[in-house]
**Q** 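The structure follows.
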2 protein chains.
Amino acid sequence: MNPTIQDVANKANVSIATVSRVLNDLPGYSEKTKQKVLQAIEDLGYQPNAIARGLVNRKTGTIGVLFPSVSGLLSAEVLHGIEAQASEEGHSVIVCNTEADEDKTLKYIQLLSEKRVDGLVFVSEEVTDVYYKALSRMGVPVVLVSTQSFQYPLPYVKVDDRHAAYTATRHLIQAGHTQLGMISGNEKDLIAGIPRMEGFKQAIMEAGLPFQESQIEKQLSFTYEAGQEGFKTLLTRHPEMTAVFAASDEIAIGAFSAAYEMGISIPGDVSVVGYDNLKLAEMSVPPLTTIAQPFQRMGEKAVEMVLQMNRGKGAESCILPHVLIERKSVSSRN
Amino acid sequence: MNPTIQDVANKANVSIATVSRVLNDLPGYSEKTKQKVLQAIEDLGYQPNAIARGLVNRKTGTIGVLFPSVSGLLSAEVLHGIEAQASEEGHSVIVCNTEADEDKTLKYIQLLSEKRVDGLVFVSEEVTDVYYKALSRMGVPVVLVSTQSFQYPLPYVKVDDRHAAYTATRHLIQAGHTQLGMISGNEKDLIAGIPRMEGFKQAIMEAGLPFQESQIEKQLSFTYEAGQEGFKTLLTRHPEMTAVFAASDEIAIGAFSAAYEMGISIPGDVSVVGYDNLKLAEMSVPPLTTIAQPFQRMGEKAVEMVLQMNRGKGAESCILPHVLIERKSVSSRN
DNA sequence: TTGTACGCGTTATCAG
DNA sequence: CTGATAACGCGTACAA
């Protein structure tokens with residue numbers, strides 16, 4: 001049905017070896033035969049079969065990506081970067097939505113392994129030992145995005161969460177706020193939970209401001225609903241509060257909604273700074289001041305690393321810089 | 001390196017044919033040998049090579065998806081549905097970001113063709129004749145999502161844009177509004193542009209309300225910025241306006257922002273209904289009343305159709321139902 | 001410069 | 001019930 005390299009060879013009156021040569025432009029044929037071959041390819045509408053090619057080369061030109069949630073605003077941006085860089089380097093990407101479920105994740109790793117992907121990117125999820133075992137059995141490069149493993153030597157790309165949280169909090173302090181609160185996501189989360197709380201605390205301590213645990217409202221997730229909930233309980237507990245650091249943009253926007261219901265003006269009564277810089281952040285009223293994570297760049301970098309690794313070179317983990325994006329949700333008290 | 005079916009056969013003292021049989025549970029072997037084989041597979045940690053399998057079966061278990069933008073909120077939801085259904089049916093999906101660029105799109109079609117995907121899903125983009133030519137050369141099922149082709153017989157899945165716009169507008173009218181406006185996206189867009197404008201007009205006519213073209217503000221895109229811009233010019237042109245239908249949620253949220261700047265209260269002064277029902281819509285202040293497109297279901301349906309088609313059966317296009325989601329951005333004048 | 005022939009890992013046909 | 005063996009489409013030493 002689809003013409004094969006053999007058909008091309010016949011039509012051009014050469015051997016398949018020669019066709020293969022011009023296809024991969026290797027040396028070893030005259031200009032004249034090259035033209036004949038090219039012509040035959042054109043005439044037949046020949047398209048090389050990447051499957052057959054993959055079988056012999058042991059390279060599929062495909063990398064797999066594991067997301068805990070593909071519909072998350074965040075994943076979409078990381079995926080964008082991954083796809084761009086992969087395409088740039090002539091690879092394609094297979095997306096997998098694990099829903100943070102162990103069975104599903106394991107099944108996907110198995111699947112990607114059978115499909116012989118050249119490497120994979122593991123996003124925003126903790127690497128448990130079962131995962132690691134499955135991953136290392138594949139024998140292909142793996143790089144982590146927006147997460148990291150303390151037990152296993154997997155290279156990662158992320159921002160410095162603690163530092164970023166520090167930056168956010170410091171911004172609030174420099175604007176003259178002294179009564180600060182934080183709405184945190186999951187406090188069990190070793191990556192996005194704890195470090196951000198520590199950064200918050202550190203900034204406060206350094207400024208010589210008083211600190212007590214009740215200033216941090218610990219929610220279970222980083223969602224909009226958590227933000228609504230968290231803002232309410234935080235402000236009833238500490239009515240004097242004048243600024244809050246939200247551990248994610250979604251939380252921040254949830255806080256906006258709660259504030260609106262409570263008749264609290266932002267940034268008039270209380271200032272808010274978020275974390276992530278999703279599209280959302282520029283579309284809110286008021287536009288959200290937030291810490292930008294370079295999601296797209298993170299995706300790109302991860303792919304670069306994977307590809308570099310299976311060129312034989314090792315790859316070092318990297319911490320990408322975060323940036324504070326000033327918009328309209330913080331007011332100055334100076 | 002990776003154990004092959006041959007290794008398993010050796011270890012179990014059987015032929016590769018037998019191993020293949022138990023692998024694909026075909027009939028023809030005793031329980032005893034089955035156990036031996038299974039044991040060998042277990043011991044070796046054997047994983048079938050999907051590439052080799054694909055070569056002989058002429059089926060890769062992979063489908064390709066073409067998006068004009070992967071980072072769009074909308075694409076993320078469609079992708080979610082696609083991935084879910086594909087995974088459900090044992091397939092994986094390769095994502096491609098065309099950026100609505102012809103060259104890129106063509107290159108991707110070529111790539112997917114070489115990778116011998118079993119079918120593909122084409123999202124939110126017009127099927128030009130070059131595309132169609134490339135597509136049909138592949139000889140695999142193609143289904144359109146959120147778009148449709150008038151020239152070519154490609155099955156699609158979408159909502160009835162005209163009807164949905166009608167529903168939205170009618171909702172405004174039934175709430176007692178008589179001075180309606182619309183912020184439209186690209187008026188050249190045969191799918192998302194024109195039909196929605198027609199639906200808007202139709203609802204107004206049917207209600208016996210006066211209509212003039214200036215009630216529709218035509219923007220170039222469906223973005224947030226278009227919404228900001230559009231709302232301003234629309235309301236300066238028609239200060240008497242009390243309700244507006246936005247051709248997308250992003251436009252609606254942009255309108256919220258503009259309204260805020262202009263000191264116009266929503267829904268106090270003017271009511272707004274959006275279109276899409278993105279995550280965004282529930283997170284805005286006030287929460288946005290909007291037309292829900294079942295994006296996830298659309299993605300699912302599309303892969304169902306693709307898979308069904310390469311089982312030999314044809315697939316009919318389908319119009320999925322839209323639903324009006326009432327939230328807080330519309331006030332009643334009755 | 002060009003062609004032959006083997007191998008990549010499976011499935012499927014056919015003979016035992 | 002089981003085992004050779006021919007495809008599948010391509011890359012590549014090796015020979016010519």
**Q** Does any donor atom in the side chain of Lys115(B) or Thr62(A) lie under 3.5 Å from an acceptor atom in the other side chain?
**A**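 The criterion, which ignores hydrogens and geometry beyond distance, is satisfied for Thr62(A) and Lys115(B).
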**Q** For DNA chain D, which residues of residues 52-64 of chain A approach it to below 4.0 angstrom with any heavy atom?
**A**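 Result for residues 52-64 of chain A: Ala52(A), Arg53(A), Val56(A), Asn57(A), sorted by number.
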**Q** Who passes side chain to side chain donor-acceptor pair (under 3.5 Å) against Ser30(B), sequence neighbours left out?
**A**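 Residues passing side chain to side chain donor-acceptor pair (under 3.5 Å) with Ser30(B): Thr33(B).
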**Q** What is the minimum heavy-atom distance between Glu316(B) and Met305(B), and which atoms define it?
**A**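 Looks like O-CE, 3.4 Å.
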**Q** What residues in residues 29-51 of chain B put a non-hydrogen atom under 4.0 Å from any atom of DNA chain D?
**A**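 Residues of residues 29-51 of chain B that come under 4.0 Å of DNA chain D are, in numerical order, Tyr29(B), Ser30(B), Thr33(B).
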**Q** For Ser146(A), give me all partners under side chain to side chain donor-acceptor pair (under 3.5 Å), at least two apart in sequence or on another chain.
**A**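 Not a single residue meets the side chain to side chain donor-acceptor pair (under 3.5 Å) criterion with Ser146(A).
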**Q** Which nucleotide of DNA chain D is the first, and which the last, in the 5' to 3' direction, to come under 4.0 Å of a heavy atom belonging to chain B?
**A**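 Both ends considered, the range comes out as dC1(D) to dG9(D).
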**Q** Hey, mind stepping through Val65(A) and Ile94(A) against side-chain contact (heavy atoms from CB on, under 4.5 Å) and telling me if it holds?
**A** CA-CA 6 Å; Val65(A) 186; Ile94(A) 293 185; over 6 Å; no
**Q** Which side-chain N or O atoms in residues 10-18 of chain B pair as donor and acceptor under 3.5 Å with protein atoms at least two apart or in another chain?
**A**
from: Ser15(B); atom 1: OG; to: Ala17(B); atom 2: N; distance (Å): 3.4
from: Ser15(B); atom 1: OG; to: Thr18(B); atom 2: N; distance (Å): 3.4

**Q** Between Lys36(A) and Glu31(A), is there a salt bridge with N-O shorter than 4.0 Å?
**A**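 Salt bridge flag = no for Lys36(A) with Glu31(A).
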**Q** By side chain to side chain donor-acceptor pair (under 3.5 Å), which residues pair with Thr105(B), not counting sequence neighbours?
**A**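 Side chain to side chain donor-acceptor pair (under 3.5 Å) list for Thr105(B), sorted by chain: Tyr131(B).
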**Q** Please tabulate, one pair per line, all N/O donor-acceptor pairs under 3.5 Å involving side-chain atoms of residues 38-54 of chain A, not counting sequence neighbours.
**A**
from: Gln39(A); atom 1: NE2; to: Asp43(A); atom 2: OD1; distance (Å): 2.9
from: Gln47(A); atom 1: OE1; to: Ser113(B); atom 2: OG; distance (Å): 2.7
from: Gln47(A); atom 1: NE2; to: Gln110(B); atom 2: OE1; distance (Å): 3.1
from: Gln47(A); atom 1: NE2; to: Ser113(B); atom 2: OG; distance (Å): 3.3
from: Asn49(A); atom 1: OD1; to: Ile51(A); atom 2: N; distance (Å): 2.7
from: Asn49(A); atom 1: OD1; to: Ala52(A); atom 2: N; distance (Å): 3.1

**Q** What's the separation between atom CG in Leu74(B) and atom NZ in Lys279(B), rounded to the nearest 0.5 Å?
**A**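 Result: 12.0 Å between the selected atoms.
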**Q** Just do the side chain to side chain donor-acceptor pair (under 3.5 Å) check on Ser92(A) and Tyr108(B) with the steps written out, would you?
**A** CA-CA 9 Å; Ser92(A) 28; Tyr108(B) 272 126; over 6 Å; no
**Q** Please enumerate all residues that pass side chain to side chain donor-acceptor pair (under 3.5 Å) together with Ser69(A), with sequence neighbours excluded.
**A**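 Side chain to side chain donor-acceptor pair (under 3.5 Å) check on Ser69(A) returns nothing, list empty.
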**Q** Identify, residue by residue, the members of residues 2-24 of chain A with a heavy atom below 4.0 Å from DNA chain C, and return them in order of residue number, or none.
**A**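 Hits under 4.0 Å, by residue number: Asn13(A), Val14(A), Ser15(A), Ile16(A), Ala17(A), Thr18(A), Arg21(A).
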**Q** Which heavy atom of Asp118(A) sits nearest to which heavy atom of Gly61(A), and what is that distance?
**A**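 Closest pair (atom of Asp118(A), atom of Gly61(A), distance): OD2-N, 2.7 Å.
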**Q** Using five base pairs at each end, measure the axis-to-axis angle across the helix from dT1(C)-dA16(D) to dG16(C)-dC1(D) and round it to 10 degrees.
**A**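 Roughly 40° between the end axes, to the nearest 10°.
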**Q** Hey, are Glu125(A) and Thr98(A) close enough side-chain-wise for a donor-acceptor pair under 3.5 Å?
**A**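 Present: a donor and an acceptor within the cut-off.
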**Q** How would you list all residue pairs meeting salt bridge (Lys or Arg N to Asp or Glu O under 4.0 Å) that involve residues 74-103 of chain B, not counting sequence neighbours?
**A**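 Salt bridge (Lys or Arg N to Asp or Glu O under 4.0 Å) check on residues 74-103 of chain B returns Glu89(B)-Arg311(B), Glu99(B)-Lys104(B).
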